[in-house]
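Following: one structure in structure tokens, then a few remarks.
Chain letters run A, B, ... following the sequence lines, proteins first, then strands; residues in each count from 1. Just so you know, these numbers come straight off a predicted model, no measurement behind them.
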Protein chains: 2
Amino acid sequence: MASIKDVAAEAGLSVATVSRVLNGHPSVSQDARRRVTAAVERLGYRPNAVARSLRTDQTRTLGLVISDVMNPYFTELARSVEEEARALGYSVIIGNADERPDLQDHHVTTLLDRRIDGLLVSPTDGGSPGMLGAAQAGTPMVFVDRWIPGVDVPVVRSDGRAAVRDLVAHLHGIGHRRLAIIAGPAATTTGRERVDAFREALGAYGLALPDAYVGQGDFQAASGRRVTEGFLDLAEPPEAVFAADNLMALGALDAVRARGLRVPDDIALAAFDDIPWFVHTDPPVTAIAQPTRELGRAAVRALVDRIEGRTGASVTLPARLVVRRSCGEPASPEPPSPVRRSTP
Amino acid sequence: MASIKDVAAEAGLSVATVSRVLNGHPSVSQDARRRVTAAVERLGYRPNAVARSLRTDQTRTLGLVISDVMNPYFTELARSVEEEARALGYSVIIGNADERPDLQDHHVTTLLDRRIDGLLVSPTDGGSPGMLGAAQAGTPMVFVDRWIPGVDVPVVRSDGRAAVRDLVAHLHGIGHRRLAIIAGPAATTTGRERVDAFREALGAYGLALPDAYVGQGDFQAASGRRVTEGFLDLAEPPEAVFAADNLMALGALDAVRARGLRVPDDIALAAFDDIPWFVHTDPPVTAIAQPTRELGRAAVRALVDRIEGRTGASVTLPARLVVRRSCGEPASPEPPSPVRRSTP
DNA sequence: ATCCTCCGTGTAATCGATTCCACGAGGAGG
DNA sequence: CCTCCTCGTGGAATCGATTACACGGAGGAT
């Protein structure tokens, strides 16, 4: 593979001049510029990014460590992150933690070893040693979706509180009173927050959230299935189940169907994180949609701001409720204002 | 960030010795080894992968360029690729081409600039300049899922011919005679092959595949919707529609529902590529499942074989039919042997 | 005519590793 | 006791770029 030396030889100039042409440095003659361009063309030369990175101490690469690529929410997030990064001249290396702290650490160290310019993380847990180290070491960093309390890193996320209130209003309007939740891991902020928001919203209607109605999941379909089976085995099963992510909702759907029961007739179902497939499930699932694309873009912008010496502050965007048919039809007037139906 | 020089100073040894310890070179004394290890520990030193790559001319990184990350099939492929690569000591950088040749080229050049050790591609088209260049330039390369005829690169893919025959047998057994297909882009091998296999299988039953029953899609949901609408507008609409990928099947489902029609009562539907959601759609969708995990693993192994100087041959794995309810219930005996029902 | 500036270019140091080669110490063999 | 190996170690070249500094020539000001 041709190197800058070959180009210099071919153009009859020094490597310094070639480098200057390549980087658009002003003090180069028209003639030199032409000869270099021609030589580059002839040799099919492409600068070695590795060498360049070593010298300039920047890789123009961002690391993105997410909890689970197979989760469509994160896939979409990853996609929008890559898009925005590309627009700003950066590449992205994705690390999939599969909800495992050890894997998350593996990816963080690998990325740091490669000297990425900045790190975008949706932490799987409360803070693995590798990640805290990275934050400490001063690597530009931004949390997205989930974060770690007490770590001084900007957070780009969406606030589901209002949407959860809308959801509870919706369920309450339909007549449901015994509401349960399939929670995410307590080690994640989203895992805890969604339960809190749900409990708070229930409180506004004078409803309690008994321990038996809080099932512990791990954001994977299997746990949704298991927890839902537990709910159905109760002497007094809930009338509605709220899954804290889309995969657990899928598992819940499985469990209900396996019992020969029907959604929403026998039990209502709603999920956090809207995905294209929810329109096509039987029945279409009512969900809380995050502005995923905007989240990804905002996260990249915040990170690049940090990298390039600007401030890069936290961002919180609102989520919204998308009503479909999995909770039943409202008997009384429609739920409060920000609610929208996905099909008119 | 501490460099090898700092470690050498801290340990009171030369950088050469430190490097030897780091790389497990045999001729280093126990004492030196201990001192280096201690110094590394004290400084929290991690070798700079960029510098190492420049010197050794290898990055221990694989590039994976896929057509569409949002397609669950490719997400799963990407995941299994990363898993196997990690097991073999490689990292993976994913490039998402979004079915756009220009984006595909962008990623290929970026990856080559970063001097990845090998490239895994599922080409979007018949061969963009950048990709053909890479193949020519001798970069170790392997095609996965899709490939480009005439380019001398191993191909890891699955053969759907037998499964398509099973599908046609299944449809025929139910009583469907007017069968249509939503094809993928003609520029892709999978786009063409699936139509060919379908036509061939129809032939075995004495059925023709009229042009009006071949709709041109692009592997995206919107095209599935558009093509299906066209089918429904025909004077004699097909009784069954076979979508050449899962996203177009989703679009077809949309279109059918928008007309107030029902699957499978009004029209049968089947898809290539099985995904977890097909179990939960209304109705569950009959699909041809590829051994995605195995495909990813085989592709990585073939590529690493090439990189490390071994042969690395092509691999073809069989796909299989998964019968669900979207084609209706068979009136007569069950379809041929390799067919399985997803729910007993 | 002399001096100063500015411009275009080249030489060489540098980034952080790996690795070839040389060198000194110590042990084995004659 | 001398020679020859082997072993552990360090010095220095190297990978492919960027960039500080030096230098020569042209042109303007005095």
Side-chain angles (χ1 to χ4, degrees), chain A residues 1-40 43-61 89 109-117 137, chain B residues 1-40 43-61 89 109-117 137:
Chain A
M1 190 147 260
S3 85
I4 196 170
K5 275 190 202 146
D6 304 315
V7 177
E10 178 80 13
L13 290 162
S14 74
V15 293
T17 305
V18 174
S19 174
R20 279 189 276 256
V21 171
L22 261 29
N23 294 289
H25 190 93
S27 86
V28 179
S29 68
Q30 276 301 322
D31 177 58
R33 205 174 293 276
R34 258 194 303 274
R35 278 155 66 196
V36 168
T37 320
V40 164
L43 298 172
Y45 168 77
R46 299 246 72 211
N48 184 329
V50 175
R52 194 195 290 248
S53 293
L54 177 60
R55 185 58 236 255
T56 60
D57 200 33
Q58 50 162 328
T59 49
R60 296 207 69 84
T61 302
T109 23
T110 307
L111 290 168
L112 259 30
D113 285 356
R114 288 174 189 252
R115 300 301 191 263
I116 46 148
D117 293 341
Chain B
M1 190 149 259
S3 86
I4 196 170
K5 274 189 205 149
D6 303 316
V7 177
E10 177 80 14
L13 290 163
S14 73
V15 292
T17 304
V18 174
S19 173
R20 278 189 277 258
V21 171
L22 259 30
N23 294 289
H25 189 93
S27 87
V28 179
S29 68
Q30 277 301 323
D31 176 59
R33 204 173 294 277
R34 257 194 304 274
R35 278 156 64 195
V36 168
T37 319
V40 164
L43 299 173
Y45 168 77
R46 298 246 72 209
N48 183 330
V50 174
R52 195 196 289 249
S53 292
L54 176 60
R55 184 59 234 255
T56 60
D57 200 35
Q58 52 163 324
T59 50
R60 295 207 71 84
T61 302
T109 25
T110 307
L111 290 167
L112 258 30
D113 285 355
R114 289 174 187 251
R115 301 300 192 265
I116 47 148
D117 294 341

Self-check item: Atom of A:Ala32, atom of A:Val28 and distance for their closest heavy-atom approach
Solution: CB-CG1, 3.8 Å

Quiz item: Which of these, B:Thr37, B:Thr17, B:Val7, B:Val40, sits in a side chain to side chain contact (heavy atoms under 4.5 Å, CB included) with B:Leu22?
Solution: B:Val40

Quiz prompt | Residue-level proximity of residues 25-35 of chain A to DNA chain D when a heavy atom falls under 4.0 Å | solution = none

Quiz item: Donor-acceptor pair, B:Arg46 side chain versus A:Asp113 backbone, under 3.5 Å?
Solution: no

Practice problem: Would you mind reading off the distance between A:Leu54 atom CG and D:dT19 atom C1', rounded to a whole angstrom? | Solution: 14 Å

What protein N or O atoms touch nucleotides 10-13 of chain D N or O atoms at under 3.5 angstrom, if any, and at what distances?
{"unit_1": "D:dG10", "atom_1": "OP2", "unit_2": "B:Ser14", "atom_2": "N", "d": "2.9"}
{"unit_1": "D:dG10", "atom_1": "OP2", "unit_2": "B:Ser14", "atom_2": "OG", "d": "3.0"}
{"unit_1": "D:dG10", "atom_1": "OP2", "unit_2": "B:Thr17", "atom_2": "OG1", "d": "2.7"}
{"unit_1": "D:dG10", "atom_1": "N7", "unit_2": "B:Arg20", "atom_2": "NH2", "d": "2.8"}
{"unit_1": "D:dG10", "atom_1": "O6", "unit_2": "B:Arg20", "atom_2": "NH1", "d": "3.4"}

Quiz item: Mind checking which nucleotides bracket the chain B contacts on DNA chain C, 5' to 3', with an atom under 4.0 Å from a heavy atom?
Solution: C:dC15 to C:dC20

Quiz prompt | Minimum-distance pair of heavy atoms, taken over all atoms of B:Ala51 and A:Leu54 | solution = CB-CD1, 3.8 Å

Practice problem: Could you tell me whether B:Ser3 contacts a base, only the sugar-phosphate backbone, or nothing, with contacts defined as non-hydrogen atoms closer than 4.0 Å? | Solution: sugar-phosphate

Quiz item: Within the side chain of A:Asp117, is there an N or O that forms a donor-acceptor pair under 3.5 Å with the backbone of A:Arg60?
Solution: yes

Quiz item: How close do B:Ala8 and B:Ser14 get, heavy atom to heavy atom, and via which atoms?
Solution: CB-C, 3.8 Å

Quiz item: Can you name the nearest heavy-atom pair linking B:Thr59 to A:Arg114, along with the distance?
Solution: O-NH2, 3.5 Å

Practice problem: Only pairs at least two apart or in different chains count here, so list each side-chain hydrogen bond (donor to acceptor under 3.5 Å, both in side chains) that has a residue in residues 48-57 of chain A. | Solution: A:Asn23-A:Arg52

Exercise. Sorted by first residue and then second, give each salt bridge (Lys or Arg N to Asp or Glu O under 4.0 Å) pair with at least one member in residues 7-19 of chain B; sequence neighbours left out.
Key: B:Glu10-B:Arg42

Practice problem: Could you tell me whether B:Asn23 contacts a base, only the sugar-phosphate backbone, or nothing, with contacts defined as non-hydrogen atoms closer than 4.0 Å? | Solution: sugar-phosphate

Exercise. Scan for salt bridge (Lys or Arg N to Asp or Glu O under 4.0 Å) pairs involving residues 17-27 of chain A, sequence neighbours excluded, and state none if there are none.
Key: none

